[in-house]
Amino acid sequence: MASLQLSNLSKSFNQTKVLEGLNLMVPEGEFIALIGPSGCGKSTLLRIIAGLDEPTSGDVLLDGQWVNELSPRERKVAMVFQSYALYPHMTVFENIGFNLKISKIPRQEIRQRVTQTAAILDLEELLERKPSQLSGGQRQRVAMGRAIVRNPNLFLFDEPLSNLDAKLRVQMRDEIKKLHKAIKTTSIYVTHDQVEAMTLADRIVILNDGVIQQIGTPQQLYNTPVNPFVAGFIGSPSMNFLNGKWEDDHKTAIILKDGTKLPAPVPKSNTHFDASTQNDILIGMRPEHLHLRPAMSEDIQVKGVLDHIEPTGAQNYLKVRVDGQIITATDLQQSQLQSQQPIELAIAHKNLHFFANTAHE
Amino acid sequence: MQNVKRSAHTPKTQTLARLAKLNFLAFGIVITIFPFVWVALMGTHTRSEIFSSPPPFYIGDNFIDNYYKLLEIMPFWLVLWNSLFISVMGTIGAVFFCSLCAYGFFAFEFRGKNIIFTLMIASMMVPPALLLIPFFLTVQFLGILDTHFALWFPAIANAFGIFLVRQYMVTAISKDLLDAAKVDGASHLRIFLVIVLPLIKPVLATLGIVMFIGLWNNFLSPLIVLSSPDKFVLTLALRSVQSLGDSPWGAVMLGTFLSMLPLLIAFLFFSKQIMAGLTAGAVKG
C-alpha cells in the first residue's frame, strides 16, 4: 500500500494540452474515482500514474518517492484494463500467475498465491480455461485476479465495468467494493459513470478538459458543487439551470426572464461563489428537490406548463416548460397529470444553487 | 414474398448450380496439376519415349535408369541439401527478424516512423531484375562470392515480410495487451517472445512458406553468385545439365519432380496455418 501524490502534472501531445497543472494527494488506502466526460484526460492521467506514459511536466510521487522515471513494475502498480487485456493464449492460471513468474517467484508459491486469489474471486473451477471460454463477468474477475495476486502498492482501474451488461455491472461494483474493504489497497478508479463513482469512491475527482474541477466526497460534490459543470455532472437526472439577473442595484432578488422573482442566495459556508460580484447568474435546481406542491415558507415557487411525462416505474419525471426552457422534476407520487396543464413546483431555498453564468461573459 | 423467393431456388436449379461450380473447380484443378503429373510421368521414361508421338501418358519402366543417370550428371543429393540449407536458414532468419522488426514498427512510437515504413514499402516496388547488378557488386565487395551465405543472409530482412507481419499484428494484437504485460513487469523482449510470437503464429507460418518457396525456387541470384558445381542449388544444377547437346530429359524430369517434393511436404504441414494467416483480419471483429 502506498500514498500517491501528483504535483503540477501536465501532459500535452504535440500542441494539444491533455492535462494541465494537476495537483492531487491520495492518502494510503483511499479509494479515489476519477470521472469526467470522454476525452477529458482521465485515462491519460491513469496511464501516467501507471508509468505507461510520461508526463510533459510535473511529478508523480508514491509514498513520497519521486517515481517519474520508474517503470510500471518498479512502481509496483497493478492495472485493470477496460478491455481486460487477458493473454488469449494462456490459461486463467497462467494469466493470473504471469507477473509472479516474471518476478521469479518459486513455482510452489505461485501455485499457492494464484489458488488463493482464485478462491477470493470465485474462479477456482476456471483455472484451466482459456479467456475465450469465459463469459464477460468471468474475464473481468480474471483481470482483477491478475491485479490483486501481486499485492500491489496501487490499484488502477480503467473503466473496468463498461463492457458488462447493466445487471452484471451492479454485481461487479459490489464485488469491487467488498474487495477494497478486505484488502484496503490505495485505488484509483476511472469511469464516466457517476453512479459507479458515487457508490464506490471515498473521494471523487472531477476532470474536464484536463483540469480538475472539484475534489470531494460524493456528498460534498452533490451538495456543494463549485461550478455548473460539476453540478450538471453529478446527480441523475442532471441539475436544471435557469438564467437570471439581479432585479435592481440593491441585489435583494434575482429575476428570471419570465418575471419570476427569486430571493437572493444565502451564502453557503463552503461555496466559493460570491453572487454579489456577478451580473448574470445561473440558478441550479436538482429534479429531486423540485416538488409538485404549493410553496410553503422557506420555499420558492416555480411556475410552468407540463410538457410531457417520462415514467420510470418508481417515479415519474415531469418535463416542465419554465422560462422558455424545459426543466425536469421528480414526481414520487406519480400524479395523474395532463400535458399542457399549468404546474406549480416548490423548492426549498436551501436547495437552490447559484453560479456565475460564464457563458454570457 | 416468401413463395417468390423460394421458387428461384428449386432443388433442380440448385443441383445445376452446384454441378456447374464443381465442374469449374475440377477444370481448375486439372489445369493446375497437369504440369506436375506430366513431369512425374516423364521421369519414368527414356528420352526417345518422351519425344515419341503421341507422348506417353502413363507410368514408364525407366525410373531406376533415370535415377542413376541423374546421379551421374549431377551430385543430386548434395545439390538438394544445398537448396534445403539455404531455404531453411533464410526462412528461419526471415521469420524471426521480420517479426522482430515488425514489432518495432507496431509497439514503439518514434520520430520518422511513418517515413521509414513508407520507404520500406516503396522499396518493394523496385523490379528485382534491376537489383541484380548492385547485388552482385555488393556480394563481390563483401568477398562472399560463391558462398551460400550470400544467398540466404540478405533474404532475412525483407520489406514484404516486415509489412505482412506488422499488418497482422495491428489486427490481431490490442495495444492494451502490451500495456498489461508492461504493468506485469515484462521487458520488451519478453513481451515479444512470450506474448506476441504465440499470437502471430498464423502469419509466421504464411511468411515461412512464402520465404521457403521463394528461396527454393530462386534461380537468378544463385546464377550470378555461385560458380563451383558442388555449391550449386537445385534450380541451377537442373538448368546446367540442359545445355548439353543430348539432354537426358528423363533424368532431368525425375530431378525436377524430386525437387518439388520438399515444398509439397512443407505445404501439407503448414497449410492450416497458412489459410488462417491469409484470411486473418477478414473475420476478426
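Quick note: numbers below take in every heavy atom, side chains included, and nothing from hydrogens, waters or symmetry partners. Protein chains get the first letters and strands the later ones, always in sequence-line order, with residue 1 at the start of each.
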Engineer: Parallel, tilted or perpendicular for B/Y103 and B/F106, by the 30°/60° rule?
Structural biologist: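 The arrangement is tilted - the two ring planes meet at 30° to 60°.
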Engineer: Indicate the atoms forming the closest heavy-atom contact of A/P160 with A/V190, along with that distance.
Structural biologist: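 Nearest heavy atoms, A/P160 then A/V190: CD-O, 4.1 Å.
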Engineer: Could you report the tightest heavy-atom contact between B/P198 and B/L193, atom names first, then the distance?
Structural biologist: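 That would be CD-O, 3.5 Å.
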Engineer: For A/Y87, is it the side chain, the backbone, both or neither that has a heavy atom under 4.5 Å from a heavy atom of chain B?
Structural biologist: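 Both parts, backbone and side chain.
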Engineer: Where on B/L199 is there a heavy atom nearer than 4.5 Å to chain A: the side chain, the backbone, both, or neither?
Structural biologist: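 Contact with chain A involves the side chain of B/L199 alone.
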Engineer: I need the residue from A/K76, A/R146, A/M79 with the largest number of non-hydrogen atom pairs under 4.5 Å to chain B.
Structural biologist: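 Sorted descending by pairs with chain B, the first entry is A/R146.
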Engineer: Honestly, is B/R166 close enough over B/F117, meaning NZ or CZ under 6.0 Å from the six-membered ring centre and within 45° of the axis?
Structural biologist: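 Positive - B/R166 is close enough to the ring of B/F117 and near enough to its axis.
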Engineer: Checking side chain to side chain contact (heavy atoms under 4.5 Å, CB included) for the pair A/I102/B/V194: CA distance, chi angles, key distance, verdict?
Structural biologist: CA-CA 11 Å; A/I102 291 177; B/V194 181; over 6 Å; no
Engineer: Among A/P88, A/S71, A/S103, A/A50, who wins on heavy-atom pairs under 4.5 Å with chain B?
Structural biologist: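 Heavy-atom pair counts peak at A/P88.
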Engineer: Please state whether the side chain, the backbone, both or neither of A/L86 comes within less than 4.5 Å of a heavy atom of chain B.
Structural biologist: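 Only the backbone of A/L86 comes within 4.5 Å of chain B.
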Engineer: Can you establish whether the number of heavy atoms outside B/W81 located under 6.0 Å from its atom CH2 is more than 12?
Structural biologist: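 No, the 6.0 Å shell around CH2 holds no more than 12 heavy atoms from other groups.
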Engineer: What part of A/R75 is in contact with chain B, defined as an atom under 4.5 angstrom from a non-hydrogen atom: side chain, backbone, both or neither?
Structural biologist: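 It is neither, since no heavy atom gets under 4.5 Å.
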Engineer: Checking A/S83 against chain B: side chain, backbone, both or neither under 4.5 Å from a heavy atom?
Structural biologist: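 For A/S83, backbone and side chain are both near chain B.
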